[in-house]
Every structure is written in structure tokens, then in C-alpha cells.
Amino acid sequence: MSLKIHNTLTGKKEEFKPSDPKDIKIYVCGPTVYDFAHIGNARPVVVFDTLVRLLRHDYEKVTYARNITDIDDKIMERALKKNVPISEITEKYTKHYEEDMAVLNNKLPDIRPKATDYLPSMIKMIEVLIEKDHAYEIEGQVLFHVPSMENYGELSGRSIEDLKAGARVDVGDYKKFHADFILWKPSTDEQPSWESPWGRGRPGWHLECSCMIEDNFGETIDIHGGGLDLIFPHHENEIAQSRCSHGGKELANYWMHNGYLTVEGEKMSKSLGNYVTVHDLIKEFPNKGEAIRLCLLSAHYRQPTDFSREGIRQAEKQLNRWYKAVEGVSASDKDISPKVLGALHDDLNTPKAIMELGQLAKEGSAASLLASAQLMGFLDNKDWFKELDEINGLSASEIEALIVRRSEAKANKDWTLADKIRNDLEDQGIALLDSAAGTSWTKK
RNA sequence: GGUGCGGUGGCGGAGAGGCUACGCAGCGGAUUGCAAAUCCGUCUACACCAGUUCAAAUCUGGUCCGCACCUCCA
């Protein structure tokens, strides 16, 4: 069963052929750590985590890298405003990012390179590009000269001609061509800076990915992933830098891009302010990170999908059912359903895979359900049904006491009192569940 | 203006020429002191107009609508 991937580079669904089946190399663009990640930022994380899980099932070794952008103007703004070094900002939000993503049951990538650790590599790559006449220096800045590259624009389907047509006014005079982009720029005194042959400054934002890939993997990797909005200019420019410094060698054989998460039909983004952070969401749905994950995977990764709390509640119900179906069951990789695998191998068709999980639950194939769900990062929470100790000021023991009183009332056939206790607790968000074994409670 | 993506039942969301998923919600029933859960049954659909075909949600052409990228953004 072979994996098929929709490759942005060709616009087609292709069979995945690794350059070295003994070591699959995948790189995904990670966060700029200046603020909490929003739920839209979590989508590529969940999507590529799922892909990596599948690759690890298929191949003996997979190396997964995701970068941390810790040099950026937005970080500098924050640091300046709070009057702290940028590392204080970046360390804080890197930690939050990784913790929040872990709650959605994403595994940490094998390599998590930071931009600030790659300055020597970035400077070296700029030198190579200048030497090969793909870049030029002007007034302390170094720019990549876009027309110096044949086939620029292959990934995003743009030609140099298109770029000329789409030119906007207000282009800095220093540029030879308006689409030329920054490789190095000077810093002011209060901005963080590094020593370089072109004076003190900092790197352009596309450069880190090219260098991290080169240093960790070499010239060509198998899969490069990220959000749709990175196709242009970020990934296009990454390709330009890497190909031009590597004699034209392909940077990545397969490019995968996830679609947007929308809120009421609009793109969720920090600039629009219509975002919900993962950090807040996991507080709102404590212990239900998998429900958020299920939500994010219930649409195909290339389709846009709308975010809603109702969707999370639905996902939670579905997971409740699955968790009940696999109680006391153990499973191994051999139990993974071929249908689930088949769906995932078809360009990561997670909605179809989820449907197959539902079928397994329905027909009582518990071991198969467990193994297949775990492959996708579900049914991994041993405490799924465990609720918080305290809800709305009521402690667990107070609730237990009320349950005892209600049981007594029930024994006396005092249904009025029994119902009153149920309804009172219900009003406070606590649901009582009667069963043969006794009464338990859960948060509504 | 250029480029790309999409419009499927109340909602979410697969499928991609004939077998019309699945989930949530709804409705009917079983069960239950009540409630939940569970089980059984069940109703709604392929934006529009032409065309190809024995057969189209699926292919072709056109129309309308929505979204995104072209500037920092997952």
C-alpha cells in the first residue's frame, strides 16, 4: 500500500517515492514565537504529526524537523515594548507552543532548530549566493536577485512576467527588481544584531529554513510542509535560495500545504483579531485535547474548514463512544485496519479514515479500532473519563455526598427529592449517570 | 487585474459515471422511577443552465456565488 501525496510543485497527486527509504526526511515550517499559537496555527501541526505517524508506520526511520523562528520584527517589537531581551519572549512562547501542541497529542519533532543557532550557516549561504551572482549588496543590505534564477515561481505558478504585472508602487529604490527579497538587513542600535561581512545586522526571514535543511539533511529532502499562505513568497524564496546555492538541486521532492481554518467563513489570523488561542481552548475543554485534534482532522487537510466549539463538542461525543468501545482492550500494530491505512495513504484522507474508525466501533472491532485510532493520535488518554476534582466551586466529595443522599432518597422511592438533587447538580454543570454499578458523575 | 481552490441533506463532511459514506442533530420505537448511555428503525442532498452517455453529484462547456494568494501570516 503506497502513499499518495498531493504535491504543490506539480499540482498533482503523486506516489510518494522517498530518496532514501531507510531515512525519510521531512521539514515543516514552525511558529514565530512572539505570542500564543491560535487554533489555526495548530492545524498544520496536527496534520503533519499525523503524516509523520503514518510515515513511521511505513518506514523504519523518519526524521522530522520543525523550526522555531526566534528572530523576527514582531518579536523585536514585543521585546522593545516590554524592555526585555528577545530571548525572554521567544523562550516563553516556545515553551507554551510545545506544551499546547502536546495537549493535542502531537509528538515533538526529532529536530527543533532555532534561527538564532544558524547565523553562521546563513551568512555562509549569503556569501555563496553573492559569489554565484544571485545576490547583491547595497547599503548594508543583501538582496536576492529574482531574475537571476531560471524557473523562479515554479511552486506558486508565477512567472517573472506575472510578478512584473503585479508590481506595486512604492518599491525601494535600492532594489534592482521589485520582487528581489532581503537576505540580510542592517539593525539599528537597539535591535538585535549579528556581525557579518556586510556590517551588523540580521537575516531575512526566508533564509533560516534553507540553512536548517542544508545543515540537518543536506541539499534535498523528501517532504516540505506548511500552511497554504507560505507558498508565496516564503517557500518560493526558500526554493530560490537553496537551488541557487546548490547548483539547481531540488530543495524538496514533495511540497504539502494545508488549507486555512476559518471562523464564520473568514480566515483566522492574528491581524484580523478573530482568533482563539490553543492555550485558552484547552482550558475551556480540559482534558479534551483529542477532541480538538479530531475536529482539525475531520476535514481533509487541503480543504478549508470552519472552527466551532460545537464541532469540538461533537468530536468529544464521538470519542466518548470510541473510548467505551475499547475499554479493557489491548492491541498491536497488526490490528491496524487496512481501510484506515488505505484512507490515510490516499493523500492523508483523514475524514474517510475517521469514518472507518466509526465503522470499526459500530461493528465491535475493538482491537482494530484502538490500533487504528492510536495511529492517528487518538485513544491515547488513559484519563479520558476522569473529571476534574472541583467544578464550579463544588468539590468532588461534596458531589459524592449529594449522590449518597440521592441514593437514599431513591431507596425510599422519594423521587421528588432524587430528581431535585439531579436537577440542582445539572444546573451547576454536573450530570449524574445511573448504572447497575451505582451512580457516577461527569461534567456536562 | 493575475493565480489557485471550492459550492453535497438542518449542520459538519467523504465520494468522483450506475451500488446514493459517516458523524452530529431530528423523528419513531425498545430500555429506564426520571435522566444519560445503548440498541433498532427512519426523513431530508449533490449551486444553476446546457451538452456527452443506456446512465452524471461524479465528465465537458458556460453562468452565478464564496474563499484565498499576489504584503507579515499556518
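If you're wondering where the values come from, they're calculated on a predicted model, not measured in any experiment. Just so it is clear: chains get the letters A, B, ... in the order the sequence lines come, proteins before strands, and each one is counted from 1.
- Of the candidates B/A74, B/G2, B/G23, the closest approach to any side-chain atom of A/Arg158 belongs to B/G2.
- For A/Lys413 and B/C34, the NZ to C1' distance is 13 Å, given to the nearest whole Å.
- The distance between the ring centers of A/Tyr93 and A/Phe36 falls below 6.0 angstrom.
- The pair A/Asp73-A/Arg202 counts as a salt bridge, with a side-chain nitrogen and a carboxylate oxygen less than 4.0 angstrom apart.
- Between B/G66 and B/A57, the distance separating the two P atoms is 25 Å to the nearest Å.
- A/Arg406 comes within contact range of at least one nucleobase, with a heavy-atom separation under 4.0 Å.
- Each of B/C69, B/A37, B/A14 was ranked by its minimum atom distance to the side chain of A/Lys324; first place goes to B/A37.
- A centroid separation of less than 6.0 Å is found between the aromatic rings of A/His279 and A/His96.
- Using a 4.0 Å heavy-atom distance criterion, A/Gly259 is classed as a base contact.
- Nucleic acid contact class of A/Gly358 (heavy atoms, under 4.0 Å, all strands): none.
- Pair check for B/A47 finds B/U63; Watson-Crick or G-U wobble, both atom distances under 3.5 Å.
- For A/Leu261 and A/Pro233, each mapped to the nucleotide of RNA chain B holding its nearest heavy atom, the one lying further toward the 5' end belongs to A/Pro233.
- Distances from the side chain of A/Lys74 to the nucleotides B/C34, B/A74, B/C72 place B/C72 closest.
- The pair A/Glu91-A/Lys95 does not count as a salt bridge, with every side-chain nitrogen at least 4.0 angstrom from each carboxylate oxygen.
- For A/Tyr260, whose side chain is taken as the heavy atoms from C-beta onward, the closest listed nucleotide among B/A68, B/A14, B/A21 is B/A68.
- Look at A/Thr305 and you'll find a side-chain N or O under 4.0 angstrom from OP1 or OP2 of B/G13.
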Inset, instruction - Give the C-alpha distance, both sets of side-chain angles, the deciding distance and a yes or no for ring pair (Phe, Tyr, Trp, His ring centres under 6.0 Å) between A/His224 and A/His235. - result: CA-CA 9 Å; A/His224 190 129; A/His235 288 162; 4.6 Å; yes

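- Remark: C1' of B/C72 and CG of A/Asp73 are 9 Å apart, rounded to the nearest angstrom.
- Across all strands shown, A/Gln314 has heavy atoms under 4.0 Å from base atoms, whether or not it also approaches the sugar-phosphate.
- Protein atom NE2 of A/His234 is 22 Å distant from nucleotide atom P of B/A68, rounded to whole Å.
- Comparing the C1' positions of B/C59 and B/G15 gives a spacing of 15 Å, expressed to the nearest Å.
- For A/Asp306 against B/G12, a side-chain-to-base donor-acceptor contact under 3.5 Å is absent.
- If you take CZ of A/Arg313 and P of B/C24, they are 16 Å apart, rounded to a whole angstrom.
- As a whole-Å value, the separation of A/Leu369 CG from B/C22 P is 16 Å.
- Taking only distance into account, the side chain of A/Arg302 never meets the base of B/G13 through a donor-acceptor pair shorter than 3.5 Å.
- In terms of polar N and O atoms assigned as donor or acceptor, the side chain of A/Asp434 comes within less than 3.5 Å of the base of B/C34 in a complementary pairing.
- Set against B/A74, B/A25, B/A14, the side chain of A/Lys317 has B/A25 as its closest nucleotide.
- Residue-level contact check: A/Leu432 touches the bases, meaning some heavy atom is under 4.0 Å from a base atom.
- When the side-chain nitrogen and oxygen atoms of A/Arg321 are compared with OP1 and OP2 of B/A37, none of them lie within a distance under 4.0 Å.
- Among the heavy atoms of the strands lying under 4.0 Å from A/Leu433 is at least one base atom, whether or not backbone atoms are also near.
- Distance NZ (A/Lys12) to C1' (B/G4): 16 Å, rounded to an integer number of Å.
- Spacing between atom CG of A/Leu155 and atom P of B/C69 amounts to 16 Å, rounded to whole angstrom units.
- Looking at heavy-atom distances under 4.0 Å, A/Glu356 makes no contact with the nucleic acid at all.
- Ring centroid separation for the pair A/Tyr27 and A/Phe217 does not come in under the 6.0 Å cut-off.
- Residue A/Asn349 has a polar side-chain atom (N or O) positioned under 4.0 Å from OP1 or OP2 of B/G15.
- A/Lys410 has no side-chain polar atom (N or O) that falls below the 4.0 Å cut-off from OP1 or OP2 of B/C34.
- Pairing for B/C27 goes to B/G41, judged as Watson-Crick or G-U wobble with the two contacts each under 3.5 Å.
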Inset, instruction - Show your reasoning for whether side chain to side chain contact (heavy atoms under 4.5 Å, CB included) applies to A/Met122 and A/Trp194. - result: CA-CA 11 Å; A/Met122 292 197 250; A/Trp194 288 263; over 6 Å; no

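- In a base pair of the Watson-Crick type (N1 to N3 plus N6-O4 or O6-N4) or a G-U wobble (N1-O2 and O6-N3), with each distance short of 3.5 Å, B/A14 is matched with no nucleotide.
- B/A68 and B/G29 are spaced 48 Å apart, taking the C1' atom of each and rounding to whole Å.
- Residue side chain A/Arg422 reaches the base of B/A35 through a donor-acceptor N/O pair under 3.5 Å, judged by distance alone.
- Taking for each of A/Lys13 and A/Gly30 the nucleotide of RNA chain B with the nearest heavy atom, the 5'-most of the two is the partner of A/Lys13.
- Across all strands shown, B/U20 forms no Watson-Crick or G-U wobble pair with both key distances under 3.5 Å.
- Counting to the nearest Å, the C1' atom of B/A74 and the NE2 atom of A/His235 are 9 Å from each other.
- With P as the reference atom, B/A74 and B/U60 are 35 Å apart, rounded to whole Å.
- A/Glu154 has a carboxylate O that lies under 4.0 Å from a charged side-chain N of A/Arg243, or vice versa, which qualifies the two as a salt bridge.
- To the nearest whole angstrom, the two C1' atoms, one in B/A14 and one in B/U52, are 27 Å apart.
- To the nearest whole angstrom, the two P atoms, one in B/C40 and one in B/C54, are 42 Å apart.
- Across all strands shown, B/C70 is found opposite B/G1 as a Watson-Crick or G-U wobble partner, with both distances under 3.5 Å.
- Rounded to the nearest Å, the gap between the P atom of B/G12 and that of B/G4 is 27 Å.
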